[in-house]
Amino acid sequence: MPDHAADPATDTFVAHRNLLFTVAYEMLGSAADAEDVLQETWLRWTGVDLDQVRDHRAYLVRITTRQALNRLRTLQRRKEAYVGQWLPEPMLTTPDVAEDVELAESVSMALLLVLETLAPTERAVFVLREAFGIDYDEIAETLGKSPAAVRQIAYRARNHVDARRPRAVVSPAETRAALDSFRHALETRDFRSLLDVLAPDVVALSDGGGHKQAALRPVVGADRVLRFLTGGLRRTAESLTVEPTVANGSPALLLHLDGELDGVMAIHVAAGRITGLYYVRNPEKLTHLGSAIPLTLH
């Protein structure tokens with residue numbers, strides 16, 4: 001990565017770094033892989049004759065997108081051999097992300113999981129068009145396709161995502177209220193009160209990656225989710241501590257066992273109740289939680 005020496009290539013890259021990371025993360029759902037993509041983007045950027053580049057920002061996004069697509073295809077093969085459920089790698093995010101409704105939704109666990117159901121090219125087109133507002137001609141040049149083909153892909157991807165994404169936009173305050181109730185129930189071991197905050201059709205997904213115990217399939221329904229949670233909590237005895245945080249642009253929880261980070265829990269809320277629980281325990285996905293990561297759509 002650049003050492004911040006005063007030269008045009010470095011200055012331009014650093015100026016757009018947060019944007020490029022956001023593009024890569026939304027395409028990959030992995031902060032570690034997004035960082036690798038930025039490294040590859042930087043190496044290619046240093047070999048570019050800047051005098052021949054009309055729009056530096058667009059050119060950097062183009063390189064990042066192409067590298068992310070290559071990495072996404074590799075990730076798909078890796079996921080085929082993944083043990084249990086695969087969840088996006090959580091990130092601690094800065095307060096301004098939660099305040100930007102569009103940005104917060106674009107990096108939310110719920111939407112990233114929907115994007116996992118798209119083919120790589122569909123995901124690239126959706127992210128570039130819907131999240132970043134890049135025009136069809138520019139996307140076409142990036143992907144080596146005609147603008148007409150890109151429009152068709154965008155239409156298909158948008159319909160696919162709209163049919164599966166959460167319907168209503170939920171405020172951080174509403175999410176935080178549900179999460180506070182959930183946290184209180186965990187800390188007091190008042191398991192029955194969890195039913196007051198879980199929606200009847202709640203779905204719990206957990207990701208241990210074969211390194212930690214997790215449900216291999218989605219747990220569906222409030223009663224089943226309650227049994228799943230209480231079974232795990234009883235095994236932890238008194239060693240569990242819960243810390244509020246902001247991850248992926250939304251209120252979340254850091255769970256510690258015996259003082260060691262065990263995982264990140266994110267939620268999705270509708271009508272004041274939790275409809276989705278996402279618990280990432282895989283240690284390989286908890287390595288980017290040291291500090292909040294700045295993101296941007298611009």
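The model shown is predicted, which means the values in this text are computed figures rather than measured ones. Positions are given from 1, in the same order as the sequence printed here.
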Starting from [Y], can I reach [X] by hopping between I/L/V/M/F/W/Y residues whose side chains sit under 4.5 Å apart?
X	Y	value
Leu92	Tyr25	no
Val125	Val107	yes
Leu257	Met265	yes
Leu254	Val246	no

Can you name the closest pair of heavy atoms from [X] and [Y] and give their distance?
X	Y	answer
Ser193	Ala185	OG-CB, 3.4 Å
Pro172	Ala98	CG-O, 3.8 Å
Ala178	Val269	CB-CG2, 3.8 Å
Ala215	Val219	CB-CG2, 3.9 Å
Val37	Ala24	CG1-CB, 4.0 Å

Treating [X] as the side-chain partner and [Y] as the backbone partner, does any N or O pair qualify as donor plus acceptor under 3.5 Å?
X	Y	result
Arg273	Ala270	no
Asn248	Met109	no
Lys145	Ile153	no
Arg164	His160	yes
Asp258	Glu260	no

Taking side chain to side chain donor-acceptor pair (under 3.5 Å) as the definition, give me every residue that meets it alongside [X], ordered by chain and number, with sequence neighbours left out.
X	value
Ser206	none
Asn18	none
His268	Thr275

- [ ] Please report the C-alpha distance between Glu26 and Ser106 in whole Å, then the side-chain angles of each, then the deciding distance to 0.1 Å, and finally whether the side chain to side chain donor-acceptor pair (under 3.5 Å) criterion is met.
- [x] CA-CA 7 Å; Glu26 291 194 18; Ser106 72; 2.7 Å; yes
Task: From CA spacing to verdict: side chain to side chain contact (heavy atoms under 4.5 Å, CB included), Leu103, Thr22 - done: CA-CA 9 Å; Leu103 176 56; Thr22 309; 4.2 Å; yes
[X] side, atom [atom1]; [Y] side, atom [atom2] - distance, nearest 0.5 Å:
X	Y	atom1	atom2	answer
Leu194	Ile274	CG	CD1	8.0 Å
Thr93	Asp100	OG1	CG	11.5 Å
Ile139	Thr65	CD1	OG1	8.5 Å

Open item on the list: Give me each pair satisfying side chain to side chain donor-acceptor pair (under 3.5 Å) with a member in residues 174-186, each pair once, sequence neighbours excluded.
Closed with: Arg183-Glu187
Please identify each residue that fulfils side-chain contact (heavy atoms from CB on, under 4.5 Å) with [X], with sequence neighbours left out.
X	value
Arg62	Tyr59, Arg66, Glu138, Glu141, Thr142
Arg165	Glu105, Leu111, Phe126, Val161, Asp162
Pro218	Gln85, Val203, Leu205, Val220
His16	Thr12, Leu20, Arg57, Leu60

- [ ] Salt-bridge test for Arg281 and Asp207: reply yes if a basic N is under 4.0 Å from a carboxylate O, no otherwise.
- [x] no
- [ ] Tell me, yes or no, whether the heavy-atom count around Arg224 atom CZ, taken from other residues, nucleotides or ligands under 6.0 Å, exceeds 12.
- [x] no
Open item on the list: Is it true that Asp7 and Thr10 share a donor-acceptor pair across their side chains at a distance under 3.5 Å?
Closed with: yes
- [ ] Would you please test Arg151 and Asp137 for salt bridge (charged side-chain N to carboxylate O under 4.0 Å, His left out) and show each step?
- [x] CA-CA 9 Å; Arg151 287 178 183 275; Asp137 289 345; 5.9 Å; no
Task: Chi angles and distances behind the side chain to side chain contact (heavy atoms under 4.5 Å, CB included) call for Asn282, Leu286 - done: CA-CA 7 Å; Asn282 183 349; Leu286 304 177; over 6 Å; no
For residues 288-297, which side-chain donor-acceptor pairs fall under 3.5 Å, sequence neighbours excluded?
from: His288; atom 1: ND1; to: Glu89; atom 2: OE2; distance (Å): 3.1
from: Thr296; atom 1: OG1; to: His298; atom 2: N; distance (Å): 3.1

Under 3.5 Å donor-acceptor pairs involving side-chain atoms of residues 45-53, not counting sequence neighbours:
from: Trp45; atom 1: NE1; to: Ala9; atom 2: O; distance (Å): 2.9
from: Thr46; atom 1: OG1; to: Leu43; atom 2: O; distance (Å): 2.7
from: Asp49; atom 1: OD1; to: Asp51; atom 2: N; distance (Å): 3.1

Open item on the list: Apply the hydrophobic cluster definition, ILVMFWY joined by side-chain contacts under 4.5 Å directly or through others, and give me every member besides Trp86.
Closed with: Tyr82
Open item on the list: Run Leu229 and Leu226 through side chain to side chain contact (heavy atoms under 4.5 Å, CB included) and show every step you take.
Closed with: CA-CA 5 Å; Leu229 291 172; Leu226 178 63; 5.5 Å; no
Open item on the list: Per the salt bridge (charged side-chain N to carboxylate O under 4.0 Å, His left out) rule, what does the pair list look like for residues 243-252, sequence neighbours excluded?
Closed with: none
Task: Leu253/Thr245 under side chain to side chain contact (heavy atoms under 4.5 Å, CB included): CA gap, chis, key distance, verdict - done: CA-CA 6 Å; Leu253 298 175; Thr245 189; 5.9 Å; no
